[in-house]
Amino acid sequence: MRHDAHHDHSSPGHGALGHGAHGHGTHGGVMHAPPADVGAAYTRAREAAQPALGGKVVAVDLEAREMDWEFVPGKRTRAWGYNGQVPGPVLVANVGDVLEVRLTNSLSEPTTIHWHGLELPAPMDGTDMVQHPIVPGETFTYRFALPTAGTFWYHPHSNEVVQLERGLYGALIVRGPDEPELDAERVLVLDDVALDRHGQIKPPGKWIEKHDGRQGGTLLVNGRAAPELTMAAGQVERWRIVNAASARYVRLSLGGRPFVMLGTDGGLLTAPVTVTEVLLTPADRVDIAVGAFADGETLQVESLKYDRMTVARSKTERFATLRVGPAAPSRAVIPERLRHIEPLVTGPVEATREVHLGFKLSLKRGVDFVVNKEAHHRDQPVRVGELQVWDLVNDTMMDHPFHLHGFFFQVVEVNGQPPGFLSWEDTINVPPKGRVRIAWMPDDRPGEWMYHCHILEHHESGMMGHFAVVR
Ligand code: C2O
Ligand code: CU
Ligand code: CU
């Protein structure tokens with residue numbers, strides 16, 4: 001709704017975290033509004049969503065509302081959450097199921113839910129380009145099939161800098177038929193929040209925050225500051241990790257101990273990869289195998305110093321403490337091969353387009369974050385079945401996490417070098433002055449789609465592109 005040309009900034013109920021300085025009727029690019037036939041397209045998509053043979057409909061009610069939440073134990077904060085919790089409930093389904101979510105908006109402002117990473121039809125994508133935002137008091141149903149296994153997440157696509165910061169986000173797990181069998185599984189949704197001295201969430205800040213994106217000083221795992229996790233010695237667990245922070249890059253380390261990457265945004269890798277750290281940009285996910293450790297060990301789940309060239313400096317910070325308790329038997333097996341991924345690009349190719357991430361001075365706002373010199377850039381359509389090879393070019397001196405809605409891509413090159421492994425991604429870091437080549441194939445899901453920087457302040461400021469997938 002930040003982008004809604006009809007939005008009335010003087011309307012009541014926005015509270016202390018009211019909106020920043022601009023809508024975007026005043027500069028180039030796209031006005032956020034759904035197409036005229038939005039109702040018919042939605043009804044078609046809803047009716048077409050049927051479970052595969054042996055699948056089921058997973059029906060969930062979500063209510064977005066304000067509540068008290070203890071990010072820091074003993075300190076009550078006015079927060080926003082789904083079903084009274086931060087994060088919202090972990091939604092779990094299998095490949096071939098249909099997810100049906102009835103979302104009731106009990107907030108004081110419009111909202112939507114975007115299903116980050118899911119390959120769904122455009123009318124279910126949850127942006128204000130494909131639906132009318134859900135006004136307070138209204139209920140809206142999302143219904144779509146789940147074709148791909150992986151760790152996904154859901155969050156509003158309205159006034160994101162406020163709504164996500166206050167706690168509206170949750171994890172979504174889609175299980176496949178051939179998952180590795182480990183001893184236990186847990187979901188860790190990482191975030192940070194900026195609290196004032198009364199323990200309340202600070203309103204959006206001034207220029208440093210607009211430039212860097214907000215990095216709150218209180219680090220959260222599943223909505224709590226500095227939790228203690230426990231696991232049994234001798235066991236190996238699968239951790240599904242989501243970075244839900246507005247702007248924080250998490251260079252994840254488990255006290256320097258090795259762990260095994262099993263999957264990324266779009267599900268399993270072809271083979272496990274042993275590492276001692278992994279970089280999670282905002283919106284990134286990773287599935288890792290953790291352990292085995294010995295009884296009595298204590299490890300820090302931490303984010304190592306990562307300089308993403310912001311005004312504010314970075315340091316190593318702790319998310320959680322892991323305590324290893326008495327041993328339990330293990331039946332964990334990590335197969336040598338996890339799955340087959342067909343490369344989209346094998347020989348030399350030319351880029352079919354360039355997406356330049358940049359910024360531009362603006363008299364009104366100081367600086368706009370832009371794509372191809374335009375805030376909310378209107379990009380060329382892409383045709384179903386035509387291979388897309390995009391060069392993401394970072395014209396700035398800071399990192400930007402690029403996110404494509406609705407379709408997974410493969411990374412072909414980062415600054416001219418092939419990546420270490422083949423994977424399906426929906427979010428990728430574009431380093432300062434860097435060039436990342438991605439490839440993706442638009443399948444038959446025509447409609448309005450978008451890509452954007454997932455630093456929420458940059459997204460809001462216009463570092464995004466809008467395009468149609470056409471037949
Ligand atoms: Cu998770 Cu348009 O984003
Ligand atoms: Cu836009
Ligand atoms: Cu950015």
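Values in this document were obtained by computation on a predicted structure and should not be read as measured data. Both ligands and their constituent atoms are indexed starting at 1 by order of listing.
At a threshold of 2.8 Å, the Cu ion (ligand 2) has a backbone or side-chain N, O or S atom of His466 nearer than that distance. The nearest N, O or S atom of His157 is closer to atom 2 (Cu) of ligand 1 than 2.8 Å. Under 2.8 Å from atom 1 (Cu) of ligand 1 lies an N/O/S atom of His155, whether from backbone or side chain. Counting backbone and side-chain atoms alike, Met450 contributes no N/O/S atom closer than 2.8 Å to the Cu ion (ligand 2). Among the backbone and side-chain atoms of His403, no N/O/S atom is found under 2.8 Å from atom 1 (Cu) of ligand 1.
Between Lys433 and Met309 the shortest side-chain heavy-atom distance does not fall below 4.5 Å.
Closest to the Cu ion (ligand 2) among the N, O or S atoms of His32 is NE2. Atom ND1 is the N/O/S atom of His376 found closest to the Cu ion (ligand 2). Note on His116: its N/O/S atom closest to atom 1 (Cu) of ligand 1 is ND1.
Glu119 pairs by the salt bridge (charged side-chain N to carboxylate O under 4.0 Å, His left out) definition with nothing, not counting sequence neighbours.
Between Leu62 and Pro89, the shortest heavy-atom distance links the atoms CD2-CG, 3.6 Å.
In this structure, NE2 of His405 and NE2 of His452 enclose an angle of 110° at atom 2 (Cu) of ligand 1, rounded to 10°.
Residues Trp390 and Phe409 place their aromatic rings such that the two centres sit no closer than 6.0 Å. Note: His452 and His405 meet the aromatic proximity criterion, with ring centroids under 6.0 Å apart. Residues His454 and His116 place their aromatic rings such that the two centres sit under 6.0 Å apart.
Salt-bridge formation is not detected for the pair Glu354/Lys373: no Lys NZ or Arg NE/NH1/NH2 atom is positioned less than 4.0 Å from an Asp or Glu carboxylate oxygen.
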